[in-house]
Protein chains: 2
Amino acid sequence: MRRTVRDLRRHNRSVLLSSLYLGDPQSRQDLGRTSGLSQGTVSNVVGELIEEGLVIEAGLVDSDGGRPRTLLRVNPGHTHVIGVDVGETRIRVEVFDLAMRPLATVVQPLASARPDPAAVVEQVLDGLREVLRRAGVGEGEVLGVGVGVFGTVEQGAEATVHAQTIGWDAVPLERMLRAGTTLPIYLENGAKTLGQAELWFGAGRGVQHAVITLVGSGVGAAVISNGAISRGATSSAGEWGHTCLVYDGRPCRCGSRGCLEAYVGAEAILDRWKAARGGHAVPGRDEESSLAALLADGGPVAEQVLAETAGYLGAGMANLVNLFNPERIVLAGWAGHALGRRMLDRIRDEARERALRHPFGQTSIQLGRLGLDAVALGAATLPVADLLARGAATDRAPVLRVDAPA
Amino acid sequence: MRRTVRDLRRHNRSVLLSSLYLGDPQSRQDLGRTSGLSQGTVSNVVGELIEEGLVIEAGLVDSDGGRPRTLLRVNPGHTHVIGVDVGETRIRVEVFDLAMRPLATVVQPLASARPDPAAVVEQVLDGLREVLRRAGVGEGEVLGVGVGVFGTVEQGAEATVHAQTIGWDAVPLERMLRAGTTLPIYLENGAKTLGQAELWFGAGRGVQHAVITLVGSGVGAAVISNGAISRGATSSAGEWGHTCLVYDGRPCRCGSRGCLEAYVGAEAILDRWKAARGGHAVPGRDEESSLAALLADGGPVAEQVLAETAGYLGAGMANLVNLFNPERIVLAGWAGHALGRRMLDRIRDEARERALRHPFGQTSIQLGRLGLDAVALGAATLPVADLLARGAATDRAPVLRVDAPA
DNA sequence: GCAGGTTAATTCGATGCTTGAATTATGACT
DNA sequence: AGTCATAATTCAAGCATCGAATTAACCTGC
């Protein structure tokens, strides 16, 4: 329900700013051409953005005999954003400039394996203070804080977190954080923030329809439709790991059976390897080293386990292809990377076998380009995305300006 | 990439028109309140719409002592729309007024079981002429023709149809139809048009996130996200029937194995019944009567087959819940209706068992309220949806009006 | 039947935004 | 230094919305 002529301005600011932020530096003329706005309006809007310090001129390019064009880009130093990754074992807090260059990072192990919400909030707030101190950035120079958190984040007036496995039920994390800081808070599921990072800076650049899959100990996905993350009615869309792939198959920690996660999550893969070894414990002191051992083993038992894994994973991806018809599927997450580096082709073949021909032909399956650290990066993009969507509307209160007569 | 101040007008026309079309009759004041537009603007825009004949005044309601409000609604007779359902066995062509009341219908059996595109086009064009003649409606009084067709419809400059099973590969159906009529053509997959019909007039009214499942001989779905049908990159999203539910299970006609359709499509159900009967042929002379026989049988073998069917269908729905987090899942299609009437509760229970608790709690699973005839109805909504989205912009050429001086 | 009250709808001046054409700015080439 | 070419800015004109004031339509009570 749009309304007034001010919305127009806001929208056009948003269009130009997004074009400058997400694309290469451009001249005012380029902006006019790509946005469809007239030269005059571009000049006008850009002038405003420059005056506000959001956009800066960045060099000249001579143009075939005429006046050289001045290139414009977003001012990386105009403000900063903070990304927080609340994982199941540790918290990572990172400050970036607007160009998403990291300025300082703080990583803390989580105090407990079944963390108490209040303790997590305390640790996050500590991390915020500490990371700002290290980077020498004041609170006033921060646009906002994005928080990527395990579990399902239900958006609403105030976002809440559900995490069945550790007993969090509708924890009002956003309100709790707001109570401890005046910085704007943006809360989102960690898998989705990683998806956002891959979408903007990784294997999903420039794509409108994509699914970023996240394979770690568990399995998740972020579905991007028309360039934006799908959330569904209550933001819990994308639970790919708990779709049934083997009817009445292996029990899953979600309580159901035969979920994808119960086959291709790292924990499940290692379980299957152990079973294939006749119950003998698998080598490695943690999941990561065990999975590495499996991938390096080379013996027939290990190969069989891996072949099955590729089959399950390919089938899961085929389901994504048939349901979402994406341009790209990205395999990410630490286990996803490990598996993909070793056998992405095989996974792709399995997916081809099981997907409908036509949509499969439209999809490219790729390895993620960012590591798991990108959860914080993706979280930090949340305030930026909001800035771009708002057109950086300064939301200035209606200025009571009394013009002096000429 | 929006632009000018005219877009504002178009958008606000669209808002008001949609509110009038999709909602109950409203006064100008009501419109102002719900849309956020000022009284003056509403009056202005509505005046335009009335002058164009799109909107009419519909009665007065007195208002507690003051001037009674005049209610407004879309003029049902302003224009007409045609819906065409190109099924695998027959073609149905139907004229509606703008309020979607049917005025005339033509049904023709399809000439061949493996229809030739040119023959189909000929039959559709014949149907158009015939149905207009019967309804006494001239071509000039038709807003557009929506065509719901089996197979995958790839949108683009000109929509094409892919239907692997009958050998249609990128058939340029839109172009072929345009060659035979001047009426605007809108092409879409039949399952999606049925979804649109349920969304506007059936079990999906007022819902923003829904999945309309379509269970017939085959299995499909229309996914509605943020009130609009998801199409994915090349419009083939929503192939729920060909998601893998039983890894390496029963072979499916798509070439893969273990697809949902290979278990809960009517053909598959009857196959499984036959197998459970030790290979004895099932009663009934066609799929519909056979399925009815299965549902009426009551014996332990039949009940077992049905119980399994409920399990598979429930699992498939649980996958939809986990992936899309919809507010509503609608079970439609002739077989879906038959199954749902008998055991929707059981299907719901199976879905609850297998879905994540939180998103399942947000979803209601309901039986479709419209029959299969609604494919044509849904197709006919396509031109209407376009009208609403365009704000019925008359796309009038810039009027060169020379105002006479006062 | 007429004044006063109440709510609905329209009118109109003020304001803000985009456009398109004209103007100014900036540099290369001769 | 003059001419050409391209980029950016300026400015009057045209649209669209808003808010306040006005007009319209009907009710109630005396």
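Letters go in sequence order (proteins before strands), and every chain restarts at 1.
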Reckon [X] has a side-chain N or O less than 4.0 Å from the OP1 or OP2 of [N]?
X: A:Arg28; N: D:dT9; result: yes
X: B:Asn12; N: D:dT17; result: yes
X: B:Ser38; N: D:dC18; result: yes
X: A:Thr70; N: D:dA8; result: yes

Output the single nucleotide from [options] whose closest atom is nearest the side chain of [X].
X: B:Leu60; options: D:dT17, C:dT18, D:dC26; result: D:dC26
X: B:Ser43; options: C:dT19, C:dT26, C:dT10; result: C:dT10
X: B:Leu37; options: D:dA16, C:dA9, D:dC18; result: D:dC18
X: A:Arg6; options: D:dA7, C:dC17, D:dG19; result: C:dC17
X: B:Gln29; options: D:dC26, C:dA8, C:dG20; result: C:dA8

Backbone N/O of B:Ser19 and side chain of B:Gln26: donor-acceptor pair under 3.5 Å = yes
Is A:Glu327 reaching over with its side chain to a backbone N or O of A:His209, donor-acceptor style, under 3.5 angstrom?
-> yes
With DNA chain D as reference, determine whether A:Val5 or A:Asn44 sits nearer its 5' end, using the nearest nucleotide of each.
-> A:Asn44
Atom-pair distance ([atom1] on [X]; [atom2] on [N]), nearest Å:
X: B:Arg69; N: D:dC27; atom1: CZ; atom2: P; value: 14 Å
X: B:Arg10; N: C:dC17; atom1: CZ; atom2: P; value: 20 Å
X: B:Glu57; N: D:dA24; atom1: CD; atom2: P; value: 16 Å
X: A:Arg33; N: D:dA8; atom1: CZ; atom2: C1'; value: 13 Å
X: B:Arg13; N: D:dC15; atom1: CZ; atom2: P; value: 15 Å
X: A:Glu51; N: D:dA8; atom1: CD; atom2: P; value: 18 Å
X: A:Leu72; N: D:dA7; atom1: CG; atom2: C1'; value: 11 Å

Short N-O contact, A:Arg9 and A:Glu48, less than 4.0 angstrom | yes
Is B:Glu52 paired with B:Arg13 through a side-chain N to carboxylate O contact shorter than 4.0 Å?
-> yes
On a plain distance test, is the side chain of B:Arg67 in donor-acceptor contact with the base of D:dA25 below 3.5 Å?
-> no
Is there a donor N/O on one and an acceptor N/O on the other, under 3.5 Å, for the side chain of B:Arg9 and the base of D:dA16?
-> no
Using only heavy-atom distances, determine whether the side chains of B:Arg175 and B:Thr160 contain a donor-acceptor pair under 3.5 Å.
-> no
More 5' along DNA chain C: A:Gln39 or B:Pro68, using each one's nearest nucleotide?
-> B:Pro68
